[in-house]
Every structure is written in structure tokens, then in C-alpha cells.
Amino acid sequence: MNRIYLIGFMGCGKSAIGRRLSFLLKMPYYDMDKEIVRQMGMTIPEIFEQHGERYFRDLETQFLQNLEQDHCIISTGGGVTMRKENQRIMRRTGLVLFLDAPFREIWRRIHKDPNRPIVRRSTREEIEALHKSRYRDYKRTAHITIRTEHRSLKQITQYAAFQVRRLKTERNNV
Ligand SMILES: Nc1ncnc2c1ncn2[C@@H]1O[C@H](COP(=O)(O)OP(=O)(O)OP(=O)(O)O)[C@@H](O)[C@H]1O
Ligand SMILES: O=C(O)C1=C[C@@H](O)[C@@H](O)[C@H](O)C1
Ligand SMILES: [Mg+2]
């Protein structure tokens with residue numbers, strides 16, 4: 001399988017980079033959060049409120065299991081690595097890139113966004129603890145970690161494309 005998955009905490013740039021990478025590599029693009037919103041006809045906060053977080057997590061796993069497209073770029077939701085099943089599917093079906101942004105930058109980007117239910121209901125300290133606790137799963141799931149600090153979206157996209165080409169060549173030579 002030839003998919004490219006972008007993983008990382010809320011606000012690390014998965015959607016912004018995913019869109020740009022799909023233009024650069026001419027590959028179809030999926031944003032998991034947007035696909036789930038479209039499928040349900042509800043916003044993410046509405047899904048959390050009316051069905052609960054667990055239900056949302058089930059929808060994430062179903063998306064990964066049911067997607068038929070092989071050659072594509074997928075920006076995941078920030079919590080996708082919480083489930084081992086999701087980690088396995090992503091590693092098995094593509095290359096996984098972790099966008100690693102410093103927490104202070106993440107917080108600056110997300111703290112006023114009403115579309116992130118987990119941010120709405122938590123303090124800065126709680127979100128920082130969540131970031132810390134998820135970090136190991138992002139590292140474990142990713143084939144490569146891309147540090148984004150002091151880099152523009154364009155620079156990160158170009159670097160990601162370079163790493164994708166390198167990893168693909170490496171795989172084909174094994
Ligand atoms: N390296 C960067 N330089 C400047 N702005 C950035 C950078 N990375 C991300 N941003 C900006 O930060 C905001 C959050 O990024 P984005 O929505 O892509 O995050 P995300 O990882 O998809 O978050 P979520 O998990 O909540 O979907 C966007 O406005 C994006 O343009
Ligand atoms: O980090 C998370 O748990 C989430 C991140 C977003 O991408 C959305 O998937 C949702 O708001 C949950
Ligand atoms: Mg996103």
C-alpha cells in the first residue's frame with residue numbers, strides 16, 4: 001500500500017501540510033476529521049456531545065478500515081494513535097510521518113479554536129499533559145519524525161516530500 005499518513009497532536013499542521021503535500025506529490029487527499037464530519041452531517045463537537053468520545057474513536061477506526069483508496073495522503077485526527085488497531089493499520093498500509101511541533105506553539109494555535117472539543121473542556125495544563133502522554137505513541141507509530149519548529153509550511157511540505165521519496169526508494173531496494 002502506498003498511503004501517506006500525517007500524525008501528531010492537534011494544531012501541529014497535519015491538515016495544512018497534508019493539503020500542500022497532495023498538490024506537490026499529485027496524490028488524492030483525505031482529512032479524517034472532515035470525512036467524519038461529512039459522513040455524520042455533524043460537527044466534531046456535536047458528535048462528542050451527542051454520541052460521546054468513544055463513538056468518535058470508533059468512527060476513526062472505521063474510516064481507516066474501510067478506506068479503499070490505496071494511493072493517497074491522509075491527515076489524521078490528533079487522537080488516532082490512541083488505539084493500537086489504528087497504529088497497526090497505518091503502519092501496514094503506508095508511510096507514517098509525525099509532525100512534531102513544540103507545545104507552546106501548539107497551544108498558541110489551538111487554544112481559541114471552538115472546533116476542538118478536548119481543548120474546550122480542558123485547561124492548558126491538562127492539554128500539555130495529554131500532549132506529553134501521547135508523544136510516545138506518535139513516535140512509536142511513525143516511520144519518520146519531522147520537527148516543524150522555525151519552519152514554514154512550504155519548507156515542511158518540501159522536506160516531507162523529500163523524506164517520502166527517500167523512504168520509498170529505500171523500501172524498493174530492500
Ligand atoms: N509550520 C507552520 N507555520 C505556520 N503556521 C502553521 C504551521 N503549521 C501549522 N500552522 C497553522 O496552524 C493552524 C493549525 O494547523 P492544522 O489545522 O493544520 O493542524 P492539525 O494538525 O490539522 O490539527 P487537528 O488535529 O486539530 O486537526 C493552521 O492555521 C495552520 O495553517
Ligand atoms: O486530539 C484529539 O483527540 C482530537 C483531535 C482532532 O483532530 C479531532 O479528531 C478531535 O477534535 C479529537
Ligand atoms: Mg486537522
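Numbering of ligands and ligand atoms starts at 1, following listing order. Below, each value reflects all heavy atoms present in this structure, side chains not excepted, and no hydrogens, waters or symmetry copies.
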* Under 3.5 Å side-chain donor-acceptor pair for Thr145 and Asp100 ->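 There is no such pair (donor and acceptor under 3.5 Å, judged by atom type) between the side chains of Thr145 and Asp100.
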* **Check: Tyr29/Asp31 side-chain N/O donor and acceptor closer than 3.5 Å** =>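 A pair is found: one side chain offers a donor N or O, the other an acceptor, under 3.5 Å apart.
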Closest non-hydrogen protein atom to [atom], residue and atom name please, with distance?
atom	answer
atom 6 (C) of ligand 2	Asp33 OD2, 3.5 Å
atom 11 (O) of ligand 2	Pro117 CD, 3.6 Å
atom 1 (O) of ligand 2	Arg134 NH1, 2.6 Å

* What's within reach of the Mg ion (ligand 3), meaning protein N/O/S atoms under 2.8 Å? ->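 Checking every protein N, O and S atom gives Ser15 OG.
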* Kindly assign one of parallel, tilted or perpendicular to the pair Phe9 and His131, based on the angle between their ring planes and the thresholds 30° and 60°. =>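 Phe9 and His131: perpendicular rings.
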* Phe9 near ligand 2, heavy-atom distance under 4.0 Å? ->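 Per 4.0 Å heavy-atom rule, Phe9 does not contact ligand 2.
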* To do: May I ask whether Arg57 has any heavy atom positioned less than 4.0 angstrom from an atom of ligand 2?
  =>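 True for this residue.
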* Asked: With a 4.5 Å limit on heavy-atom distance, are the side chains of Met40 and His51 in contact?
  ->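 Side chain of Met40 against side chain of His51, heavy atoms only: contact under 4.5 Å found.
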* Asked: For Thr81, does its backbone N or O pair with a side-chain atom of Gln87 as donor and acceptor, under 3.5 Å?
  ->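 Yes; judged by distance alone, with no hydrogens or angles, the pair exists.
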Salt-bridged, [X] to [Y], with N to O below 4.0 Å?
X	Y	value
Glu49	Arg120	yes
Arg165	Glu170	no
Arg57	Glu85	no

* Test of proximity, Gly78 against ligand 2: N or O pairs below 3.5 Å ->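 For ligand 2, there is an N or O atom that lies under 3.5 Å from one belonging to Gly78.
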Would you mind writing out a table of all protein N or O atoms found under 3.5 Å from any N or O atom of ligand 1, naming both atoms and giving the distance to 0.1 Å?
from: ligand 1; atom 1: 1 (N); to: Arg151; atom 2: O; distance (Å): 3.0
from: ligand 1; atom 1: 8 (N); to: Arg109; atom 2: NH1; distance (Å): 3.4
from: ligand 1; atom 1: 18 (O); to: Ser15; atom 2: N; distance (Å): 3.3
from: ligand 1; atom 1: 18 (O); to: Ala16; atom 2: N; distance (Å): 2.9
from: ligand 1; atom 1: 19 (O); to: Gly13; atom 2: N; distance (Å): 3.3
from: ligand 1; atom 1: 21 (O); to: Cys12; atom 2: N; distance (Å): 3.3
from: ligand 1; atom 1: 21 (O); to: Gly13; atom 2: N; distance (Å): 3.1
from: ligand 1; atom 1: 21 (O); to: Lys14; atom 2: N; distance (Å): 2.9
from: ligand 1; atom 1: 21 (O); to: Lys14; atom 2: NZ; distance (Å): 2.8
from: ligand 1; atom 1: 22 (O); to: Ser15; atom 2: N; distance (Å): 3.0
from: ligand 1; atom 1: 22 (O); to: Ser15; atom 2: OG; distance (Å): 2.8
from: ligand 1; atom 1: 23 (O); to: Gly11; atom 2: N; distance (Å): 2.8
from: ligand 1; atom 1: 23 (O); to: Arg116; atom 2: NH2; distance (Å): 3.0
from: ligand 1; atom 1: 25 (O); to: Lys14; atom 2: NZ; distance (Å): 2.7
from: ligand 1; atom 1: 26 (O); to: Arg116; atom 2: NE; distance (Å): 2.5
from: ligand 1; atom 1: 26 (O); to: Arg116; atom 2: NH2; distance (Å): 2.7
from: ligand 1; atom 1: 27 (O); to: Asp33; atom 2: OD2; distance (Å): 3.4

